[in-house]
Amino acid sequence: MLDLKRIREFPDDIRRGIQDKHERGDVDAVLDIDRRRREIIAGVDQLKNTRNVVSQEIARMKKAGEDASSRIEEMKGVSDTIKSMDEELRTVEEQLREMLLSLPNISHDSVPVGESDADNVEVRSWIPEHTVGINEESDEPLRDHIELGKKLGILDFDRGAKLSGSGFPLYTGAGATLERALINFMIDVHRNEHGYREVFPPFVVNTASMYGTGQLPKMTEDMYRCADDDLYLIPTAEVPITNMYRDEILDTEQVPSYFCGYSACFRREAGSYGKQTKGFLRVHQFNKVELVKFARPENSYDELEKLVADVEKILQLLHIPYRVRLLCTGDTSFSSAKTYDLEVWAPGEEAWLEASSCSNFEDFQARRANIRFRPDGPKSKPEFVHTLNGSGLATSRLMVALLENCQTPEGTVVVPKVLQPYTGFAVID
RNA sequence: GGAGAGGUGGGUGAGUGGCUGAAACCAACGGUUUGCUAAACCGUCAUAGUGGGACAACUGCUAUCGAGGGUUCGAAUCCCUCCCUCUCCGCCA
């Protein structure tokens, strides 16, 4: 949610920002309704004041044994007016809130203006000195992850579909072990080397949480919902982890703080059928280790760079080639002010796959979720924190890259050194 | 699923219709005292909206005692609905 005062003061900037982001939002309507709201407040507060004053007087008169009936009669009318004005105010504020909730975050100045993926800017790329598998010298054609998965008996898409439908992958044998190893490895690196505190969140959350991080109201059709309990399956651990501190004021020393946590992620991917649906590329359930930061506003962009570096470290340790791209305004998500995507190279697909998205939301989520902190000791006035998060990383896409990069000409897969303590085996064959 | 209990400020916890935005205590913060620490004492100690003011200091008003509605001149206090938490029993991983 944007700051209403900021909209009042710089309406043109907001209009342009919304346009750059290719979102919709009627700034003038917001300003109109805000003006109306303040009118009502001015009037009704005045009336409440008289009511309070006169009520006190009535109390005093009664105590003194005087007759207060005329004053009481007078106040009946006032009370009725207050009631109807309060009702109108509530309606107006609800409208305003809905409008504000539907306005996107505005991109940071450092974000290139652009329309789509084509306008994203590659910031850097990284290629390991040596590959884990052996593929460059061989004449054997590279296999893709589906073929590898089938041949090695580690991914069973058909039976996954039998259980739940397409897009619900089933890992078997060494595949299941490898998946678990990846998760544990990533959490350990972030916890032990990057200073993140580990959390294990619930996988379903209530609507307030979904509003807090910005999934609601816009992404309703993309989420799985348990209608009987009015709970949603989380599309990312960002939701529960960021919402841990919803409606709280953090102490000075609690900011910045870093959290990492694993969760399964559930996405309906409505409307994307037919696109990249084969194998692991787009699934309804996947595993992800998420990084979340609560940062001070003045250095949240430094925190974003560090966050990206923390994710890169994982890929480097796994010897997986990747590139970092800065998303343009049009490709940046609704809630984010600035986003870097990390894309891993999948040689079997001959494609870059988005495996991580790292964003600074500034105070957009914090304002929605009402997460504040005292910037300068226990007496200082609360301010909204800046929230950041990034996938560190999503295992589905990572698994594709890993299998395809670490395959041998014989069709086996070499497990990267750093994962071997977690898997207990060095080769999948 | 059955039966109960309860939701008040950072915490504990008073408060059953009007000088209660809310006692008291603890924590925290500032200070006095002190060789240092401790103790003691004094003081400060919510958030938001809206207006004045230089979008300062400061200040007026309004709101907030789980949420919403009702009764009343007036509600933390009475009534209704909902939400949440806890305890016991049953069932179950």
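Lettering follows sequence order; numbering is per chain, from 1. Atoms considered below: every heavy atom in the structure, side chains included; atoms not considered: hydrogens, waters and symmetry mates.
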Below 4.0 Å: OP1/OP2 of [N] and any side-chain N or O of [X]:
X        : N       : result
Lys83(A) : rU71(B) : yes
Ser79(A) : rU72(B) : no
Asn49(A) : rU62(B) : yes
Asn52(A) : rA63(B) : yes

How far does the [atom1] atom of [N] sit from the matching atom of [M], given to the nearest Å?
N       : M       : atom1 : answer
rU71(B) : rG52(B) : P     : 35 Å
rU32(B) : rU20(B) : P     : 33 Å
rC26(B) : rU85(B) : C1'   : 24 Å
rU77(B) : rU72(B) : P     : 16 Å
rA46(B) : rC65(B) : C1'   : 12 Å
rA67(B) : rC92(B) : C1'   : 33 Å
rA22(B) : rC45(B) : P     : 11 Å
rG7(B)  : rA76(B) : C1'   : 12 Å

[X] near the nucleic acid: base, sugar-phosphate alone, or nothing, with a heavy-atom cut-off under 4.0 Å?
X        : value
Arg8(A)  : sugar-phosphate
Lys76(A) : sugar-phosphate
Lys63(A) : nothing
Arg38(A) : sugar-phosphate

Next on the checklist: Tell me if the NZ atom of Lys151(A) is crowded by more than 12 foreign heavy atoms within 6.0 Å.
Outcome noted: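 Atom NZ in Lys151(A) is packed in, count exceeds 12.
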Checklist entry - Hey, is CD on Glu66(A) packed in by over 12 heavy atoms from elsewhere, all under 6.0 Å? => result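 Correct, the count exceeds 12.
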For the pair made of [atom1] in [X] and [atom2] in [N], what is the distance, rounded to whole Å?
X         : N       : atom1 : atom2 : answer
Asp247(A) : rG10(B) : CG    : P     : 12 Å
Asp230(A) : rA67(B) : CG    : P     : 19 Å
Leu89(A)  : rC61(B) : CG    : C1'   : 15 Å
Met1(A)   : rA48(B) : CE    : C1'   : 13 Å
Lys381(A) : rC58(B) : NZ    : P     : 11 Å
Ile249(A) : rU64(B) : CD1   : C1'   : 14 Å
Asp80(A)  : rG74(B) : CG    : C1'   : 14 Å
Ile82(A)  : rG74(B) : CD1   : C1'   : 11 Å

Please name the nucleotide paired to [N] by Watson-Crick or G-U wobble geometry with both distances under 3.5 Å, or report none.
N       : value
rG43(B) : rC29(B)
rA67(B) : rU81(B)
rC58(B) : rG52(B)
rA75(B) : none
rA22(B) : none
rC86(B) : rG4(B)
rA38(B) : none

Next on the checklist: Quick check: closest heavy atoms across Ile58(A) and Ala68(A), and the distance to 0.1 Å?
Outcome noted: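 Reported closest heavy-atom pair: CG2-CB, 4.0 Å.
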Next on the checklist: Which heavy atom of Asn389(A) sits nearest to which heavy atom of Glu290(A), and what is that distance?
Outcome noted: OD1-OE2, 3.2 Å
Next on the checklist: Check whether Arg397(A) reaches the backbone of Leu281(A) with its side chain - one donor and one acceptor, N or O, closer than 3.5 Å.
Outcome noted: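 A pair under 3.5 Å: yes.
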Item to check | Ring-ring centroid check Phe294(A) Tyr245(A), cutoff 6.0 Å | outcome: yes
Checklist entry - So, for Phe384(A) and Phe364(A), is the gap between ring centers shorter than 6.0 Å? => result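 When the ring centroids of Phe384(A) and Phe364(A) are compared, they turn out to be at least 6.0 Å apart.
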Next on the checklist: Whether the side chain of Asp251(A) and the base of rG10(B) hold a donor-acceptor pair under 3.5 Å is what I'd like checked.
Outcome noted: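 No pair found.
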Next on the checklist: If you assign Ile41(A) and Phe10(A) each to the RNA chain B nucleotide with the nearest heavy atom, which residue ends up on the more 5' nucleotide?
Outcome noted: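 The residue whose closest nucleotide sits nearer the 5' end is Ile41(A).
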Next on the checklist: Both Lys379(A) and Gln46(A) contact RNA chain B. Taking the nearest nucleotide for each, which residue is further toward the 5' end?
Outcome noted: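 On the 5' side of the pair lies Lys379(A).
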Proximity to the side chain of [X] - top-ranked nucleotide from [options]:
X         : options                   : result
Ser55(A)  : rG51(B), rG74(B), rA28(B) : rG74(B)
Pro382(A) : rU47(B), rC55(B), rU50(B) : rU47(B)
Arg372(A) : rU47(B), rU62(B), rC73(B) : rU47(B)
Arg374(A) : rG49(B), rU71(B), rA46(B) : rA46(B)
Arg37(A)  : rU62(B), rG49(B), rC73(B) : rG49(B)
Glu9(A)   : rU62(B), rC55(B), rC73(B) : rC55(B)
Lys5(A)   : rG49(B), rC61(B), rU44(B) : rG49(B)
Lys48(A)  : rU62(B), rG49(B), rC73(B) : rU62(B)

Next on the checklist: In the structure I gave you, are the side-chain heavy atoms of Met1(A) and Leu103(A) within less than 4.5 Å of one another anywhere?
Outcome noted: no
Checklist entry - Is it true that Lys306(A) and Asp310(A) make a salt bridge, defined as a side-chain N closer than 4.0 Å to a carboxylate O? => result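 So Lys306(A) does not pair with Asp310(A) through a salt bridge.
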